[in-house]
Amino acid sequence: MNATITLPDPETMYQAIVDRDGEMEGLFLFAVKTTGIFCRPGCKSKAPKRENVEFFANADQARAAGYRPCKRCRPTELSGSVPAWLTQLVDAMDADPTRRWTNADLAAMGLSPVRVRRWFQQHYRMTFHAYLRTRRIGLAVDMLQRGSDVTSVALDSGYESLSGFRDSLRKWTGQSPTSIKQGEPILVERLLTPLGPMLAAASDAGLCLLEFADRKMLPEQFERISKLFQQPILPGTHPVLKRTAEQIEQYFAGERTEFTLPLRLDGTSFQQTVWKKLLEIPYGQTSSYGKMADELGKPTASRAVGRTNGDNRLAIVVPCHRVVRSDGHLCGYAGGLWRKRWLLEHERKHLSL
Ligand SMILES: [Zn+2]
């Protein structure tokens, strides 16, 4: 395998170290040649000189290069959780989910509104205020579906008037309170993995999205999914998401080689056939677009197979990372080539145990 690992570009990564930018958490680690220690991008230790810095995709690689983990930022532990500077706000949001936060409120907590906005944009792909709004809507939808009446839901979820609530609901979910009472929303939650945070979305019908949170296409994916399933997407939790989080954790620990989750593979019949074919590639093994096309009885369709592979919405669970070029080289992966390489190495390592 001689594919290069795709990390963010070195200047961006170095700037993140200098800025102690927690937003790059989970995307890379850096090591300092002069001290022999490796750190997370947000480490509070003195920023090293550029020429002494080496970048790694994960702790295994940094260790393999002879570096030791920093005792201060503990780079071998799972990253991507809510950073310390944000916990007070997140706790306050949990305590009173209907509260409307102004920039002055944030400043009073010692937080920079710009930084808060950036974090939410990075981790949820929406602005802080959009997050708060969808969260309030999420609460309202939950109450409606549990049988509460529209007026009390509107008031309990922080709306000043019934018409304001109806407008807001229609704007964010495309539905009226009555149709929401009957439908089910898709809930979206962050999962933490050694390869950075992922976003998972599910409804009672199953898991419909699992993507790395830094993926550029994510906003479009959200929109497509919302349209495809005719349901609003809201932050929240769901039993399917809990099971997904457990199984993904076991997968990364090398303890799980197959997933037992209800999956929503909605798409054209060709897409569904390709995605189901992907599910047949065993853990630790690879296939190619050409081979898949042959097996589907459509030897000329390898390009379409490749495209459909790229349209996979369920990373890791539907193992599109197990498709490589027929000469064995890695080829594109929506989550980044370095992740694809990491996943394949991870599987090979645990397969041989
Ligand atoms: Zn450190």
- line: OG (S288) and CG (D294) are apart, to the nearest 0.5 Å, by 8.0 Å

task: Could you label the plane-to-plane angle of the H321 and Y251 rings as parallel, tilted or perpendicular, counting under 30° as parallel and over 60° as perpendicular?
output: perpendicular

message: Walk me through whether L89 and F128 qualify under side-chain contact (heavy atoms from CB on, under 4.5 Å).
response: CA-CA 12 Å; L89 174 63; F128 176 57; 4.1 Å; yes

- prompt: Would one find more than 12 heavy atoms of other residues, nucleotides or ligands at under 6.0 Å from atom CZ of R99?
  reply: yes

query: Hey, mind stepping through L343 and R322 against side-chain contact (heavy atoms from CB on, under 4.5 Å) and telling me if it holds?
result: CA-CA 9 Å; L343 293 169; R322 291 180 197 147; over 6 Å; no

- request: Using a strict 4.0 Å threshold on nitrogen-to-oxygen distance, state whether R50 and E11 make a salt bridge.
  value: yes

- prompt: Where does the angle between the aromatic ring planes of F30 and F28 fall among parallel (under 30°), tilted (30 to 60°) and perpendicular (over 60°)?
  reply: tilted

Flag for D105-T102: side-chain donor and acceptor within less than 3.5 Å: yes

message: So, applying side chain to side chain contact (heavy atoms under 4.5 Å, CB included) with L207, which one of L265, L261, I186 is it?
response: L261

- prompt: Stepwise, does the side-chain contact (heavy atoms from CB on, under 4.5 Å) test hold for F259 with V318?
  reply: CA-CA 9 Å; F259 294 91; V318 175; over 6 Å; no

message: Is it the case that over 12 heavy atoms from other parts of the model lie below 6.0 angstrom from the CD atom of E249?
response: no

Short N-O contact, K349 and E345, less than 4.0 angstrom: no

task: Evaluate the criterion side-chain contact (heavy atoms from CB on, under 4.5 Å) for residue pair I37 and V32; output intermediate values, then yes/no.
output: CA-CA 6 Å; I37 283 172; V32 185; 5.7 Å; no

- prompt: Do the side chain of E54 and the main chain of K33 share a donor and acceptor less than 3.5 angstrom apart?
  reply: no

field: Student check: side-chain heavy atoms of P319 and L279 closer than 4.5 Å
entry: yes

- request: Could you tell me whether E258 atom CD has more than 12 heavy atoms of other residues or ligands within 6.0 Å of it?
  value: no

